2 protein chains.
Amino acid sequence: MRDHTTTADPDQQQAGIPLFPSPDHAHHRCRNAALQHAARVCKSHGLRLTRLRRQTLEMIWKSHRPVKAYALLAQLSVQRKLAPPSLYRALHFLEQQGLIHRLRSTRSFIGCSHPATTPHSGQFLICIRCDTVAELPGLPITPGTQRTATSLGFAIDRATVEFLGQCQTCRTLAP
Amino acid sequence: MRDHTTTADPDQQQAGIPLFPSPDHAHHRCRNAALQHAARVCKSHGLRLTRLRRQTLEMIWKSHRPVKAYALLAQLSVQRKLAPPSLYRALHFLEQQGLIHRLRSTRSFIGCSHPATTPHSGQFLICIRCDTVAELPGLPITPGTQRTATSLGFAIDRATVEFLGQCQTCRTLAP
DNA sequence: TGGCTGATTGTTACAATATACCATAAGTGG
DNA sequence: CCACTTATGGTATATTGTAACAATCAGCCA
């Protein structure tokens with residue numbers, strides 16, 4: 001799996017953050033912003049951003065790439081001994097607060113890049129070659145889908161919307 | 001998990017097949033149609049619908065409900081001893097031919113209800129209480145999504161679009 | 001402070017899902 | 001028939017995730 005990033009068409013960007021972050025961006029800002037946002041969210045909901053939860057979130061935000069649960073487990077276990085249930089509980093918590101997303105296609109987790117919007121599921125472009133992910137802005141439930149669901153009496157709770165394919169760089173390198 | 005079905009709004013239906021099939025429909029027709037379609041598809045692509053693949057498809061089409069791999073394995077093992085790799089190979093084959101879908105949210109497999117359309121990923125409403133699934137007509141990749149992907153140079157290969165929630169019956173029974 | 005209470009984490013064990021790898025068999029074209 | 005490709009068998013193991021119960025921690029109030 002190759003490792004690289006691409007910059008999006010400017011008018012597809014949001015608040016200056018490219019969908020595929022460029023490799024030379026000041027990443028510590030992303031991580032700090034995510035942590036601060038997490039603190040705010042927890043405080044406003046009367047929830048506790050405990051050490052485990054914070055460290056888990058920090059570890060996920062080491063990069064913009066998706067991370068597997070057992071990789072996280074290994075990394076976090078360097079500092080503190082940690083068993084799977086503890087980590088999964090932290091992951092579920094963070095996901096419920098909309099601070100991270102779980103990518104079902106690749107069984108991995110990634111920090112939420114658009115946490116400003118109301119609690120949401122995201123929609124993602126996932127490169128099957130280099131694993132890079134872009135979280136698309138906007139809601140994954142289209143009006144048409146919502147209409148169909150409503151006509152069936154179906155109440156949508158959450159969405160899993162993931163598009164697998166190849167990013168520009170991977171296609172260029174070996175089309 | 002409760003077991004039931006709902007009938008869709010007529011104008012959301014396709015070729016007379018409700019999105020949530022009614023419990024009293026002539027299901028053997030669905031199964032037969034699926035098997036015949038599978039035979040046609042394989043023949044036209046020069047692929048072999050072997051005994052294992054056919055039996056796997058038949059077993060999946062016992063109902064319109066999603067089935068877990070290891071449940072299939074147990075059922076198929078009644079007739080023939082079967083190890084996981086053999087079953088997974090058959091499942092991968094059937095999925096690649098667009099004959100079944102893999103539901104990532106629930107780690108299960110279901111027969112494709114709209115096999116007529118070109119090789120496609122589907123989009124699904126999945127009830128988290130009774131496990132009933134509706135495969136929505138239409139393509140899961142909207143023009144907007146396609147536009148964004150194109151502008152990023154991202155080539156979408158396949159989509160996972162699943163909406164989890166509660167179906168009408170489950171909401172009525174215990175809202 | 002000290003104890004109560006609910007939330008959080010620790011720990012063990014195990015369930016559930018999926019694949020690597022190599023051997024064997026079955027179909028296919030010469 | 002042979003050589004070749006495709007498909008299946010079978011063992012073992014990797015990977016992902018959870019159940020159940022014990023221990024601990026944070027906040028609160030007498």
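All values reported here derive from a predicted model rather than from experimental measurement. By convention in this document, chain letters (A, B, ...) are assigned in the order of the sequence lines, proteins followed by strands, and residues within each chain are numbered from 1.
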- Item | Atom CZ of B/Arg80: over 12 foreign heavy atoms under 6.0 Å |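 Result for CZ/B/Arg80: enclosed.
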- Passing option when B/Pro66 is tested against B/Ile60, B/Ile126, B/Asp131 for side-chain contact (heavy atoms from CB on, under 4.5 Å):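 With B/Pro66 as partner, B/Ile60, B/Ile126, B/Asp131 yield a single side-chain contact (heavy atoms from CB on, under 4.5 Å), made by B/Asp131.
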- Query: Of all nucleotides in DNA chain C with an atom under 4.0 Å from a non-hydrogen atom of chain B, which is the first and which the last going 5' to 3'?
  - Reply: C/dT17 to C/dG27
- Earlier contact from the 5' end, DNA chain C, for B/Ala71 and B/Arg48: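 So the residue in question is B/Ala71.
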For [X], which contact category applies under a 4.0 Å heavy-atom criterion: base, sugar-phosphate, or nothing?
X: A/Arg80; value: sugar-phosphate
X: A/Arg102; value: sugar-phosphate
X: B/Thr50; value: sugar-phosphate

- Among pairs that include at least one residue of residues 34-62 of chain B, which meet salt bridge (Lys or Arg N to Asp or Glu O under 4.0 Å), considering only residues two or more places apart or in two chains?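 Found B/Arg54-B/Glu58.
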- Identify whether B/Leu103 and B/Phe109 are in the same connected component of the hydrophobic contact network (ILVMFWY, side-chain heavy atoms under 4.5 Å). no
- Cluster question for you: counting only ILVMFWY and a side-chain heavy-atom cut-off of under 4.5 Å, with indirect links fine, are B/Leu72 and B/Leu49 together? no
- Query: Taking only residues at least two apart or on different chains, which pairs with a member in residues 68-88 of chain A satisfy ring-ring contact (aromatic ring centres under 6.0 Å, His included)?
  - Reply: none
- 5' to 3' on DNA chain D, which nucleotides open and close the contacts with chain B (atom under 4.0 Å from a heavy atom)? D/dA7 to D/dG17
- Query: With under 30° as parallel and over 60° as perpendicular, where do the rings of B/His27 and B/His64 fit, or are they tilted in between?
  - Reply: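 If you compare the ring of B/His27 with that of B/His64, the planes turn out perpendicular.
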- Task: Report the residue (B/Pro84 or A/Pro84) whose heavy-atom-nearest nucleotide on DNA chain D is the more 5′ of the two.
- Result: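 Of the two residues, B/Pro84 wins.
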- Does B/Arg107 or B/Lys81 map to a spot on DNA chain D nearer the 5' end, using the closest nucleotide for each?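 This one resolves to B/Lys81.
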- Task: Please identify each residue that fulfils ring-ring contact (aromatic ring centres under 6.0 Å, His included) with A/His92, with sequence neighbours left out.
- Result: none
- Task: Could you tell me the separation between the CG atom of B/Leu73 and the NZ atom of B/Lys81, rounded to the nearest 0.5 Å?
- Result: 9.0 Å
- Please report the C-alpha distance between A/Thr145 and A/Thr142 in whole Å, then the side-chain angles of each, then the deciding distance to 0.1 Å, and finally whether the side chain to side chain donor-acceptor pair (under 3.5 Å) criterion is met. CA-CA 5 Å; A/Thr145 300; A/Thr142 65; 2.9 Å; yes
- Could you go step by step and tell me if B/His101 and B/Glu135 meet the side chain to side chain donor-acceptor pair (under 3.5 Å) rule? CA-CA 10 Å; B/His101 290 294; B/Glu135 180 176 354; 3.0 Å; yes
- Message: Any residue in residues 51-63 of chain B with a heavy atom nearer than 4.0 angstrom to DNA chain D? Just list them by number, or reply none.
- Response: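 When residues 51-63 of chain B is checked for heavy atoms under 4.0 Å from DNA chain D, the hits, listed by number, are B/Leu52, B/Arg53.
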